[in-house]
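Here is the structure we will look at, set down as structure tokens.
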There are 2 protein chains.
Amino acid sequence: MASPKQDGRAGLRMADRVYEEIRREIVGGRLAPGEKITEAVLAERFGASRTPVRSAIVRLAGDGFVDMTPHSGTVVKHRTQGEVSEIYEVRALLESTAAGLAAQRRDQRDLDELEELQRGMEAASGLSWEADEAGVERVSALNQAFHRRILAASRNVTLAESAARLMNIGFLINTYARFSRQEFERSLFEHRQLIAALVSRDPAWAEAVMRAHILGARNSLAAEQ
Amino acid sequence: MASPKQDGRAGLRMADRVYEEIRREIVGGRLAPGEKITEAVLAERFGASRTPVRSAIVRLAGDGFVDMTPHSGTVVKHRTQGEVSEIYEVRALLESTAAGLAAQRRDQRDLDELEELQRGMEAASGLSWEADEAGVERVSALNQAFHRRILAASRNVTLAESAARLMNIGFLINTYARFSRQEFERSLFEHRQLIAALVSRDPAWAEAVMRAHILGARNSLAAEQ
DNA sequence: AGCCCTGAAATTGTATCCAACGAGGCGAAA
DNA sequence: TTTCGCCTCGTTGGATACAATTTCAGGGCT
């Protein structure tokens, strides 16, 4: 192909770009579960060789996004509703613990940034929920950032990483897109409560709100399907 | 090079063999944290090319065993004592929850296999703790299997995988080798209690024992360093 | 003396080529 | 007609060749 530097964003390895792009496509639902992934096809699509594509796929497999079977191929991992519920349950366990720690350890910066993110989400209240695809995706990104900020405020990197891994494979964007406006507003309200619990340094409250928040989301999801 | 099938164990990809071997060397402490990993060196040691070695390293990085920095190289990940403590704390959280679930959901097979593993560990009571390297490693493997069995009995695959990941990077063999005979016997006793809790289907008891078991191990470790 | 610049060596990242394996189709025999 | 076996093809796994980047030593400059 001989196009050494196709993308302007320098410094990024081709393998990383491929990884990120495929990941986004899976999380965003553009690549359906069960769909086959062929190295040569992707290589051509990215104007790269199979080598970095392969590297990206190995990483995706390690992160639980795809299933690789030797000499046979790679498919987007399928998850049953039960597995998705499990993911939410473990997230509830980890993130509620993190929220409790965060209530004890947060500093002013944490609170400021959470407020900022919350304002961003509230600003999206007026968007047309079914039509505005990009808007929904932005809200979802803010939601993820909010959760990550609380994980960071727990000051426990291991806890944060374990939870973040589950958030990723939880296909958040996809699930968020399915949320109704009502669910979204409940979510906003619970985030507000979370901030309040952190402000007043109340670990038990923060923990309970986070658990309720995540298990509630799980149930909304389960009810739809 | 040109030695297409060096190892008799067929069916295994070269990349998998390299992955497993490096992983064992890191977990076993034969590769020290901070040590540099050079692809070409490993490739020669395994009589392979750099391609499968590189694939293995990417996986190891994904699993948190090594740090890859672009164009610079790969080093065995260093963990501070604080990080190791964190790992044990999150393990305590996940595995105690799993133990509680296991107490409710276990069947007779689970109990039988746990008994079997426990007998195996008890049989090692007579080994010379400082001299018998292989013996210690076997005990460590049995211990890991015991914990994995309880995770499996929780019937929550997500929970089990999250915990297993942390067990792996906890460098169990290494830590176990540092355990004194006294620690080992305390461990045996707690495993017995765990089985009793599962037999009597007592989730709260199982949960508490597991939490105490893991946090105790963390403290023994912290006290040494 | 200390610092920066430069260049060569070492090492990683990517491309291409070859080998091995699995999937599916076709044909022959029961 | 159905089923077993073989064969071809497509795809992945691995080897080798090449390009790009970092690192570090050494020399010149401030």
Side-chain angles (χ1 to χ4, degrees), chain A residues 1-23 26 31-32 34-78, chain B residues 1-23 26 31 34-63 65-78:
Chain A
M1 290 296 113
S3 59
K5 216 80 182 215
Q6 174 165 316
D7 194 350
R9 280 170 302 183
L12 230 59
R13 271 130 76 226
M14 177 65 74
D16 292 339
R17 278 180 37 212
V18 176
Y19 171 85
E20 264 308 318
E21 177 58 25
I22 308 291
R23 183 181 159 285
I26 292 176
L31 272 173
E35 196 157 337
K36 192 156 193 286
I37 288 183
T38 309
E39 297 174 5
V41 173
L42 290 178
E44 187 172 11
R45 246 190 54 199
F46 285 97
S49 79
R50 272 181 50 215
T51 307
V53 170
R54 185 168 179 70
S55 177
I57 290 179
V58 168
R59 284 173 58 191
L60 288 166
D63 290 347
F65 290 109
V66 299
D67 278 328
M68 280 177 97
T69 54
H71 283 288
S72 171
T74 302
V75 296
V76 178
K77 193 157 184 170
H78 175 75
Chain B
M1 295 292 111
S3 59
K5 213 83 183 211
Q6 173 166 318
D7 195 350
R9 281 172 302 183
L12 230 61
R13 272 127 79 220
M14 177 67 73
D16 292 339
R17 277 180 40 211
V18 176
Y19 171 84
E20 264 307 318
E21 177 58 25
I22 308 291
R23 184 181 159 283
I26 293 176
L31 271 174
E35 198 157 336
K36 190 156 197 287
I37 287 183
T38 308
E39 296 174 5
V41 173
L42 290 178
E44 187 172 10
R45 246 189 53 200
F46 285 97
S49 78
R50 274 180 49 214
T51 308
V53 170
R54 188 173 174 70
S55 177
I57 290 178
V58 168
R59 284 173 57 191
L60 287 166
D63 289 346
F65 290 108
V66 299
D67 278 329
M68 279 177 99
T69 54
H71 283 287
S72 169
T74 302
V75 296
V76 178
K77 193 157 184 171
H78 175 75

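Heavy-atom basis, side chains included; hydrogens, waters and symmetry copies ignored. Residue numbering restarts at 1 for every chain, and letters A, B, ... go by the order of the sequence lines.
Picking from C/dG13, D/dG13, D/dG14 the nucleotide with the shortest atom distance to the side chain of B/M14 gives D/dG14. Between D/dT22, D/dG13, C/dA15, one nucleotide has an atom nearer to the side chain of A/A48 than all others, and that is C/dA15.
Across all strands, A/T38 comes closer than 4.0 Å only to sugar-phosphate atoms, never to a base (heavy-atom distances).
In this structure, B/H71 atom NE2 and D/dT21 atom P are separated by 6 Å, rounded to whole Å. Atom-to-atom, OH of B/Y19 to P of D/dG14 comes out at 16 Å; the value is rounded to the nearest Å. Atom-to-atom, CD of A/E44 to C1' of C/dA15 comes out at 15 Å; the value is rounded to the nearest Å. Rounded to an integer number of Å, the gap from CG of B/D16 to C1' of D/dT12 is 13 Å. Rounded to whole Å, the distance from CD on B/E39 to C1' on C/dG13 is 9 Å. Across the protein-nucleic acid pair, A/R50 atom CZ and D/dT12 atom P stand 6 Å apart, rounded to whole Å. Per the geometry, CZ belonging to B/R17 stands 10 Å off P belonging to D/dG14, to the nearest Å. Taking atom CZ on A/R13 and atom C1' on C/dT11, their separation rounds to 13 Å, with Å as the unit.
From one end of the helix from C/dA1-D/dT30 to C/dA30-D/dT1 to the other, with five pairs defining each end axis, the axis direction shifts by 20° (rounded to 10°).
Shown for residues 53-61 of chain B: no residue has heavy atoms falling under 4.0 angstrom of DNA chain D.
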All N/O donor-acceptor pairs, side-chain side in residues 51-60 of chain A, below 3.5 Å, sequence neighbours left out:
{"from": "A/R54", "atom 1": "NH1", "to": "A/E39", "atom 2": "OE2", "distance (Å)": "2.5"}
{"from": "A/R59", "atom 1": "NH1", "to": "A/D16", "atom 2": "OD1", "distance (Å)": "2.7"}

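Under the side chain to side chain donor-acceptor pair (under 3.5 Å) criterion, A/T38 pairs with no residue at all, not counting sequence neighbours. Annotation: salt bridge (charged side-chain N to carboxylate O under 4.0 Å, His left out) contacts of A/E20 (sequence neighbours excluded): A/R23.
Across all their heavy atoms, A/V66 and A/V76 have their closest contact at CG1-CA, 4.1 Å. Of all the heavy atoms in B/S72 and B/K36, the pair that sits closest is O-NZ, 3.8 Å.
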Evaluate side chain to side chain contact (heavy atoms under 4.5 Å, CB included) for A/I37 paired with A/F65, printing each intermediate quantity in order. CA-CA 12 Å; A/I37 288 183; A/F65 290 109; over 6 Å; no
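Phosphate proximity of D/dG14 to B/T51: absent, as no side-chain N or O sits under 4.0 Å from OP1 or OP2.
Separation of atoms CZ (A/F46) and CD (A/E21) is listed at 5.0 Å; rounding is to 0.5 Å. Note that OG1 of B/T74 and CD of B/E35 are 12.5 Å apart. Values are rounded to the nearest 0.5 Å.
For residues 66-76 of chain A, the salt bridge (charged side-chain N to carboxylate O under 4.0 Å, His left out) pairs, not counting sequence neighbours, are A/D67-A/K77.
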